[in-house]
There are 2 protein chains.
Amino acid sequence: MRLSDAIEEFIKTMMMEQDEPEIELKRNEMAEYFRCAPSQINYVLSTRFTPDHGYVTESKRGGGGCIRIIRIQRKNGEFLKYLLEERIGDAISPRAAQILCGKLAEQGAISQRTAQLMYSAIAPESLAVPIPEMLKDKLRARMLRSMLTTVARHGPAGGEG
Amino acid sequence: MRLSDAIEEFIKTMMMEQDEPEIELKRNEMAEYFRCAPSQINYVLSTRFTPDHGYVTESKRGGGGCIRIIRIQRKNGEFLKYLLEERIGDAISPRAAQILCGKLAEQGAISQRTAQLMYSAIAPESLAVPIPEMLKDKLRARMLRSMLTTVARHGPAGGEG
DNA sequence: TACTTTTGATAGTCAAAGATGGTCAGAACA
DNA sequence: TGTTCTGACCATCTTTGACTATCAAAAGTA
């Protein structure tokens, strides 16, 4: 298993066990525990604990410094609203779109299958036509908004419908 | 026996033995095992493990990366083959796509909701970016193929997935 | 005391190296 | 003559290390 995955899991497990929406950790301690460079911890945070993933982080340097990881909890439908009104905007990368679809499923706003279906529509392979990447990002945003609007209209998907 | 055939057989045997609809493998390990160029593995995947053959593949690059091969259930595989080969082609108009989605729902292949979702992704409003209509028809076809492949992979619609 | 400097303990950034897999043109083969 | 196979080059993800920034407490100073 990848180191990054192990660290990610460790942190999430820690949050689960403490049943707290936030935890504090010492970067150097973590690095020592996993026998890796301290900056590895930053890498994990910046690739797996972003706002798109549903987390925000804070930190304090200097003596007694630490990193705080906070899980954002949104009520049913709020996340969807946030995506449509703020997050997606008029362009979005494939990677971000994938993360957001995954997050929607995790939150139960859509089923895992619907998430896969949505992502398969906007994945790079689907958009493999000769147009600038910039346009693809715009297309993706439009499609995603359109699909999410449909989801919002027709209820939280996944069901038999 | 041709190398490609040997690799194909090896992979299929591996899936049989594990009795799993999906397996993961390392491209470089495989290449080493068969003493061939790593790209040979891609060749085998792209000629023998396509959706038309009843398989889909995913992969992840970078450290700890791997290739995942997923077998689509037989029933779905045949249904899919029909759709991909007979109905969609490499370009499709918005109207034809809409009708297709509707028929799929009628036949119970996908839920009404899924049909709406799929159509909202490929509707003209979603593709409202400045590119030739011809490209849009190709895009639509790609997206539809991709979404149907995903549906097939996860079983015939409706369920919770 | 009150203010400044120093020091040690943290964390952040960024670029380079390492580890995978992907693509494509052309050679080799059957 | 189409299929198979290879190799050079590319893209992506992970890991590390050198250098930088910040902070709190201790030490120095007027």
Side-chain angles (χ1 to χ4, degrees), chain A residues 1-11 22-50 52-53 55-70 93-99 102 119 123-130 132-133 136-137, chain B residues 1-11 22-53 55-70 142 146:
Chain A
M1 191 190 219
R2 273 184 292 270
L3 219 202
S4 292
D5 293 337
I7 296 174
E8 174 187 7
E9 195 173 299
F10 182 87
I11 293 174
E22 65 181 79
I23 57 166
E24 277 185 12
L25 52 86
K26 297 275 196 182
R27 192 180 74 149
N28 289 345
E29 274 179 17
M30 286 287 280
E32 201 169 338
Y33 181 84
F34 284 101
R35 292 162 208 272
C36 64
S39 55
Q40 177 73 18
I41 308 302
N42 296 87
Y43 175 72
V44 173
L45 294 182
S46 66
T47 55
R48 292 148 159 90
F49 291 89
T50 68
D52 280 357
H53 286 94
Y55 296 86
V56 291
T57 61
E58 300 169 349
S59 68
K60 211 170 113 179
R61 306 187 188 187
C66 69
I67 296 175
R68 178 177 319 193
I69 304 173
I70 303 150
S93 73
R95 185 68 185 125
Q98 185 178 32
I99 290 169
Y119 179 68
E125 308 86 80
S126 292
L127 305 191
V129 293
E133 284 303 315
K136 293 185 186 178
D137 287 350
Chain B
M1 189 186 223
R2 273 204 253 23
L3 219 201
S4 291
D5 293 336
I7 296 174
E8 175 187 7
E9 194 175 301
F10 183 87
I11 293 174
E22 62 182 78
I23 57 167
E24 276 185 13
L25 51 86
K26 298 272 195 184
R27 192 180 75 149
N28 289 345
E29 275 179 17
M30 286 288 279
E32 202 169 338
Y33 181 83
F34 285 100
R35 292 163 209 274
C36 63
S39 55
Q40 177 70 20
I41 308 303
N42 296 88
Y43 176 72
V44 173
L45 294 182
S46 66
T47 55
R48 292 146 157 92
F49 291 90
T50 68
D52 285 357
H53 286 95
Y55 295 86
V56 293
T57 60
E58 300 171 347
S59 68
K60 198 172 167 194
R61 306 185 188 187
C66 69
I67 296 175
R68 179 179 318 205
I69 304 173
I70 301 142
R142 281 186 167 280
S146 180

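A, B, ... follow the sequence lines: proteins, then strands. Residue 1 opens every chain.
Nucleotide dA11(D) holds its C1' atom 12 Å from the CD atom of Glu133(A), rounded to whole Å. Computed from coordinates, the Glu32(A) CD to dT16(D) P distance equals 14 Å when rounded to whole Å. Rounded to whole Å, atom C1' of dC13(D) lies 13 Å from atom CD of Gln98(A). For the pair Gln40(B) CD and dT3(D) C1', the interatomic distance rounds to 11 Å; values are reported in whole Å. Computed from coordinates, the Ile41(A) CD1 to dG17(D) P distance equals 14 Å when rounded to whole Å. Regarding Ile69(B), its CD1 atom lies at a distance of 13 Å from the C1' atom of dG21(C), rounded to whole Å.
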Under 4.0 Å protein heavy-atom contacts per nucleotide of nucleotides 11-20 of chain C, with B for base, S for backbone only and - for none:
BBB-----BB

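None of Ile67(A), Ile7(A), Val44(A) except one satisfies the side chain to side chain contact (heavy atoms under 4.5 Å, CB included) rule with Met30(A); the exception is Ile7(A).
The phosphate of dT14(D) (OP1 or OP2) has a side-chain N or O of Tyr43(A) nearer than 4.0 angstrom. Within the structure, a side-chain polar atom (N or O) of Arg48(A) is placed less than 4.0 Å from OP1 or OP2 of dT14(D).
Place Cys36(A) and Asp5(B) on DNA chain D by their nearest nucleotides, and Asp5(B) ends up nearer the 5' end.
Using a 30° and 60° split on the angle between ring planes, Phe10(B) and Tyr33(B) fall in the tilted class, from 30° to 60°.
Judged by distance alone, with hydrogens and angles left aside, the side-chain atoms of Arg2(A) form a donor-acceptor pair with the main-chain N or O of Gly63(B) at under 3.5 Å. Side chain of Thr47(A) to main chain of Tyr43(A): a donor-acceptor pair is present (N/O by atom type, distance under 3.5 Å, no hydrogens or angles).
With a 6.0 Å radius and a threshold of 12 heavy atoms from other residues, nucleotides or ligands, Glu32(A) has its CD atom at or below the threshold. At most 12 heavy atoms of other shown residues, nucleotides or ligands fall within 6.0 angstrom of atom CD in Glu9(A).
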